[in-house]
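To start, the structure under review is shown below, and the notes come after it.
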Amino acid sequence: MMMTTKKASLALLISSAFLISGCSDGEDGKNGEDGQPGGPGGPGDPGTSGLHIDMAAEAMAEISNATYADGIITVDFELENKQGVGLHSLSAENEYHDFRFSLAQLQTNTGSDLKQWISLLNDATNDDGTTFEQGFEQIKNCAECLVDHKDGTYTYTFDTNLTTTVDAAGVVFDPALTQRIAIEMQFEYASGHELAENAHYDWIPATNATEGVETRELVTLETCYTCHQPDSLRAHGGRRLDLENCQSCHNGIVSDPNDVSVELGHMVHAIHMGPEREGKDAEGNVVPMPYTIAGYSGDHAFDYPAFPTKPFMDCAVCHVQDETLADKDLWLSNANANACTGCHTDSPAQHQSDKNPQLVCTDCHSAAVHMDHKKPYEAAENYDVTVSNVIVNAQNLLEFDVKITDADGVVVTDEEIYQQGYSNPYMVVSWDVEQDYPEYALSIDSYTQKKGSIYDTRRFSLKGDGSTTYANGVFHVTTEKTKNIKQADGSYAPGLYTLELPTDIAERSLEILPVLKVCFEEGTGTRTTCDADNAYPAYLQVEAYRTVLGDADAVVGERRAIVDTASCFGCHSQEFYHDSNGVNCIACHTNDKSLKGNGDASNGAALLKSTSFMYKAHKAQGHDNGHGGSGTILKTDCTTCHSATEGYGGLKYGFELGRNAGQAHTIPSTQSPAADETVKTWYASPDAAACISCHQKYLSDAAMSHMELNGAYIGEDKAMAKDAKEACATCHSPAKVMEHHGFTL
């Protein structure tokens, strides 16, 4: 940040008020007694105003000015708390005061318009001196460089003369270029308290200009927060907080000791490829090649799921069209080849030649080609699925017609609708939407001996399961289909599979959810048949059909607001894990859906896990916000997904307790079984289930007892879970729930 005016210190204003009133009674005309100075180094030292920095709950840093003369940079900065009170007594002698400065300059590549930050003060990272990292000046190494003005303002004079010092990486300081000074502080006290802050200042030393200077602004940290939470991006032990500091350090010349680039563009692209990143071994075989860098604790491979979007090349997830970004289109017009190789590990070696020894990808390729991957999805956004002629026939079967049309109203044919393997064009039938969808037990038909899946009982394919006929662009669905059913001897035989509707279905909310893909020519919005060589299927995102059959004027119930669906799409882009039509996962993954195997515990005991939407959302890879989670979504902020509908100060939160009474959530009896223990199917009342979804493995007997004493049920009786009268909401407001997790509104 840059600051041009000094904020008034709250402590100074208070002390001024005392001076005005005087120390005597104001009537005898005499001066009051002199005050006593504070202890050495403590608050109240003579000549100070504000707060001693070691007493601060937080610190905010701003650089207000910088000057340059004869190779030396001098910088003025200030430290304050959130109330604007100056923090004095930053000291080189204080063992806790880890306070550093770095420098970087913005250079334009020779023969190119591509500009990159290049660090100064560089250090070698290997014994041969061929790989480099940005170095720092630390106040502990130059006590005389720091001047404390005793009111929260400071002056630091760099110890390095930039005109006489030879940089380890050979970088030559140019005062005519944009220079960035970055502050990095991290105080870790013995008490466990921590102060961490970053700040930066961009200016041209030769002219002292700060306005209109050249910069490099492609993305914002707020965009990163679409998926990440702020705490999850506190890198290097919590000392790196701001994107500008990341840019300064992870710049165009830095690498690990093995010469693996850690330039920000390369690194971010490579990390987000996760396990999908591949390369070729010495024999030319394609092999997994997760991004692996050498750190102080050894090599680290980013081989876990890292970028949940589909289409995978949805660059706009990060490169948003933000008009406040001066260089928002730079990646399209002049891509950094090093960023390209973060994903395309082999392309440089395959394309280098005498004609292009430096390899600039944009010599031949436009970064805009990555946007072509979105075109099928963008076209699909304008498609529609119409459900009509919905009736319950004499056999108590639901019948309805389905027609798929494009943006111009042209009918999509059955050859243009995708079906392969797991993917089917399903119509999912549900009721009791406002009660979190039908119970699992009530949606299983007469073939319960096979432990039928909820998917099988309520979803019907437009192609291939006997439930549907097709003519002239219209699919007619009857909720009865053929399916291979497991027999007593373990074999399978064809059988008729009928959805048994509730007898009062005409009075209940009814939902028919389309979950289907239409085929497009890859990289285009042009529809094609799904057997074409270049066919690319994209899910349609359309509203579910909802009605009350017995009352055409009825207000159809909706599921209670749980998550901010924009947050889901912001991270996942156009397609989720499977059967994607918006955030409608609970239509199949109901609260009481059956458990499934979850591997074995370390002692060999077989584990079970819930497959309900709540459990899957909380415990999925990347979502695991419990102990030892992914580090992407942290337990400190429920509002990452559960955004308030009326802003952070509002009352309508998805995780507000007490709004789902009467539900029973299927849970495993334990997540830490003894070696000879069999994990059973248990049920929990709603609020208890929400807590257990994350905390069960670590839940103490006292915590379990606390929930049960306040009306929760956790055990083998499903009816008791449904009848539980939980009182959690009496004390646990949304604000308090977040406070329990370390996050304050």
Side-chain angles (χ1 to χ4, degrees), residues 432 435-437 439-442 560 562 586 589-596 598 601 603 605-619 623-629 635-636 638 642 651 653-743:
D432 294 344
Q435 299 177 35
D436 279 359
Y437 289 81
E439 287 191 89
Y440 176 76
L442 295 181
R560 59 198 173 97
I562 298 295
I586 197 171
H589 293 275
T590 55
N591 296 329
D592 66 339
K593 192 173 184 295
S594 62
L595 305 179
K596 66 183 295 186
N598 192 30
N603 59 13
L607 297 171
L608 293 176
K609 66 178 179 180
S610 172
T611 56
S612 73
F613 178 41
M614 180 176 68
Y615 273 78
K616 292 180 77 68
H618 284 176
K619 304 300 289 184
H623 287 207
D624 188 347
N625 58 3
H627 301 262
K635 66 178 182 177
T636 52
C638 309
H642 294 282
L651 300 177
Y653 291 82
F655 56 89
E656 186 176 353
L657 301 176
R659 296 193 299 159
N660 197 23
Q663 293 285 307
H665 290 246
T666 307
I667 62 170
S669 57
T670 178
Q671 291 187 13
S672 303
D676 58 349
E677 184 177 0
T678 299
V679 180
K680 300 178 181 179
T681 295
W682 276 13
Y683 300 94
S685 47
D687 290 354
C691 298
I692 286 174
S693 65
C694 288
H695 294 282
Q696 185 177 21
K697 188 174 182 179
Y698 312 97
L699 205 60
S700 66
D701 291 340
M704 185 81 79
S705 176
H706 170 78
M707 288 191 288
E708 291 176 334
L709 287 172
N710 285 277
Y713 176 81
I714 304 164
E716 297 184 60
D717 193 321
K718 185 175 184 178
M720 292 185 67
K722 294 177 67 175
D723 292 341
K725 303 296 186 291
E726 295 176 307
C728 307
T730 303
C731 297
H732 295 283
S733 66
K736 289 185 176 180
V737 169
M738 286 188 287
E739 287 172 6
H740 292 327
H741 292 81
F743 181 83

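Fair warning: this is a prediction, and the values are worked out from it, not measured in the lab.
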Taking all atoms of both residues into account, what is the closest heavy-atom pair of [X] and [Y], and its distance?
X    : Y    : result
M707 : C691 : SD-CB, 4.3 Å
A712 : A688 : CB-CB, 3.8 Å
A605 : A675 : CB-O, 4.1 Å
A684 : A721 : C-CB, 3.9 Å

Under a 3.5 Å distance rule, please check whether [X] uses its side chain to pair with a backbone N or O of [Y] as donor and acceptor.
X    : Y    : answer
S700 : A703 : yes
Q696 : Q671 : no
D717 : M720 : yes
D687 : G658 : yes
K697 : H695 : no

For a 4.5 angstrom cut-off between non-hydrogen side-chain atoms, does [X] reach [Y]?
X    : Y    : result
T666 : Y615 : no
K593 : T590 : yes
E726 : L657 : no

When rounded to the nearest 0.5 angstrom, what distance separates [atom1] in [X] from [atom2] in [Y]?
X    : Y    : atom1 : atom2 : answer
L699 : C694 : CG    : SG    : 11.5 Å
S610 : I692 : OG    : CD1   : 11.0 Å
C728 : K736 : SG    : NZ    : 13.0 Å
D592 : T681 : CG    : OG1   : 11.0 Å
L608 : T670 : CG    : OG1   : 10.5 Å

Next on the checklist: My understanding is that only one of H618, K616, H665 makes a side chain to side chain contact (heavy atoms under 4.5 Å, CB included) with S693; could you say which?
Outcome noted: H618

Item to check | L595: which of P668, S669, S612 passes side chain to side chain contact (heavy atoms under 4.5 Å, CB included) | outcome: P668

Checklist entry - Judged by modelled atom types alone, do D436 and Q663 share a side-chain donor-acceptor pair under 3.5 Å? => result no

